[in-house]
Amino acid sequence: MQFKLKSISAQSIPEALAKVERYRLLNEPSLAESICLDILAITPGHQQALIALLLARTDQFESNVNAKAAEEVLSQLTGEYEREYYAGIIWERMGHAHIHHGPRGATPSAYHALCAAMNFYARAAQFSPPGNDDATLRWNTCARVIMKNAEIAPLEDDQPADAWARDEADSRIADA
């Protein structure tokens with residue numbers, strides 16, 4: 001069944017963004033995603049709404065890792081720092097999804113996803129404004145997760161080098 005969606009007013013965007021944050025905090029990422037889509041319908045390219053949409057989509061990795069949906073948003077971010085930082089977020093959250101909800105033996109995938117996140121965070125740190133150490137904080141978090149969990153390790157030598165990326169094979173971000 002199809003409905004013609006109603007438009008929100010441009011004046012309501014600040015309150016709509018506040019609702020997005022609230023729904024994300026309430027662990028309702030699909031509701032946050034819907035509001036972001038409403039904002040973007042009237043203001044395409046709205047950077048704050050795009051970032052919130054990317055985060056709402058990665059919040060859903062716990063139930064369904066769909067890196068392509070998050071990646072589509074990533075390509076619309078305009079700043080170099082934002083593209084690198086949020087690419088790191090996508091990889092980090094994929095890594096955590098593999099750790100917590102992946103099939104048995106998914107820890108090499110988690111390891112490689114976390115390492116990819118760390119690479120993006122390191123690049124983001126080069127573009128970060130003074131006083132913004134978010135990328136460094138995220139890099140340290142990924143490093144600590146790997147160091148504290150011995151089972152999160154790279155593939156053994158006898159396994160194919162690309163096996164870790166099988167779950168993300170349909171995503172360009174897996175090629176990054």
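It should be emphasised that the depicted structure is a prediction, and the values quoted were computed from it without experimental measurement. All residue numbers refer to positions in the sequence shown, counting from 1.
- A salt bridge links Arg93 with Asp59: the distance from a Lys NZ or Arg NE/NH1/NH2 to an Asp or Glu carboxylate oxygen falls below 4.0 Å.
- Using a 4.5 Å heavy-atom cutoff, the side chains of Tyr121 and Ile89 are in contact.
- Linking ILVMFWY residues whenever their side-chain heavy atoms come closer than 4.5 Å, directly or via other members, places Ile51 and Tyr81 in the same cluster.
- A salt bridge links Arg22 with Glu15: the distance from a Lys NZ or Arg NE/NH1/NH2 to an Asp or Glu carboxylate oxygen falls below 4.0 Å.
- In this structure the side chain of Arg138 reaches within 4.5 angstrom of the side chain of Tyr85, judged on heavy atoms.
- If you chain together hydrophobic residues whose side chains sit under 4.5 Å apart, Ile42 and Leu53 never meet in one group.
- Summarising the geometry of Cys142 relative to Ala117, their closest heavy-atom pair is SG-CB, 4.1 Å, with the distance given to 0.1 Å.
- With salt bridges taken as basic N to acidic carboxylate O contacts below 4.0 Å, none links Lys68 and Glu72.
- Closest approach of Ile35 to Ala16, counting heavy atoms only: CG2-O, 3.5 Å.
- Two residues are said to be in side-chain contact when any heavy atoms from C-beta on lie closer than 4.5 Å; Thr141 and Glu92 meet this criterion.
- Between the CZ atom in Arg83 and the CD atom in Glu80 there is a gap of 5.5 Å [rounded to 0.5 Å].
- Leu31 and Leu55 end up in different hydrophobic clusters when Ile, Leu, Val, Met, Phe, Trp and Tyr side chains are linked at under 4.5 Å.
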**Working for side chain to side chain donor-acceptor pair (under 3.5 Å), residues Glu84 and Gln126** = CA-CA 10 Å; Glu84 297 293 335; Gln126 296 172 355; over 6 Å; no
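- Here the shortest heavy-atom pairing between Ala70 and Leu54 reads O-CD1, 3.7 Å.
- The CD1 atom of Ile13 sits 3.5 Å away from the OG1 atom of Thr43 when rounded to the nearest 0.5 Å.
- Under the 4.5 Å side-chain heavy-atom criterion for ILVMFWY residues, a single connected hydrophobic cluster contains both Val145 and Met118.
- The two atoms that bring Ala67 and Met94 nearest to each other are CB-SD, 3.7 Å, heavy atoms only.
- What you find for Leu50 and Leu77 is that their closest heavy atoms are CB-CD2, 3.8 Å.
- Between the side chain of Tyr23 and the backbone N or O of Ala18, no donor-acceptor pair lies under 3.5 Å.
- Thr107 places no side-chain N or O within donor-acceptor distance of the main-chain N or O of Ala153, the cut-off being under 3.5 Å.
- Note that CH2 of Trp139 is 11.5 Å distant from CG of Leu114, once rounded to the nearest 0.5 Å.
- Interatomic distance, CG of Leu74 versus CZ of Arg57, reported as 12.0 Å (0.5 Å rounding).
- Donor-acceptor pairing under 3.5 Å is lacking for the side chains of Gln76 and Gln47.
- Counting only heavy atoms from C-beta outward, the side chains of Val20 and Glu33 never approach each other to under 4.5 Å.
- Atom CZ of Phe61 and atom CG of Asn66 lie 7.0 Å apart (nearest 0.5 Å).
- Interatomic distance, Phe127 CZ to Asn132 CG, rounded to the nearest 0.5 Å: 13.5 Å.
- Looking at heavy atoms from C-beta onward, Tyr111 lies in side-chain contact with Ile146 at the 4.5 angstrom threshold.
- Ala56 approaches Pro29 most closely through the heavy-atom pair O-CB, 3.3 Å.
- With a 6.0 Å radius and a threshold of 12 heavy atoms from other residues, nucleotides or ligands, Gln48 has its CD atom at or below the threshold.
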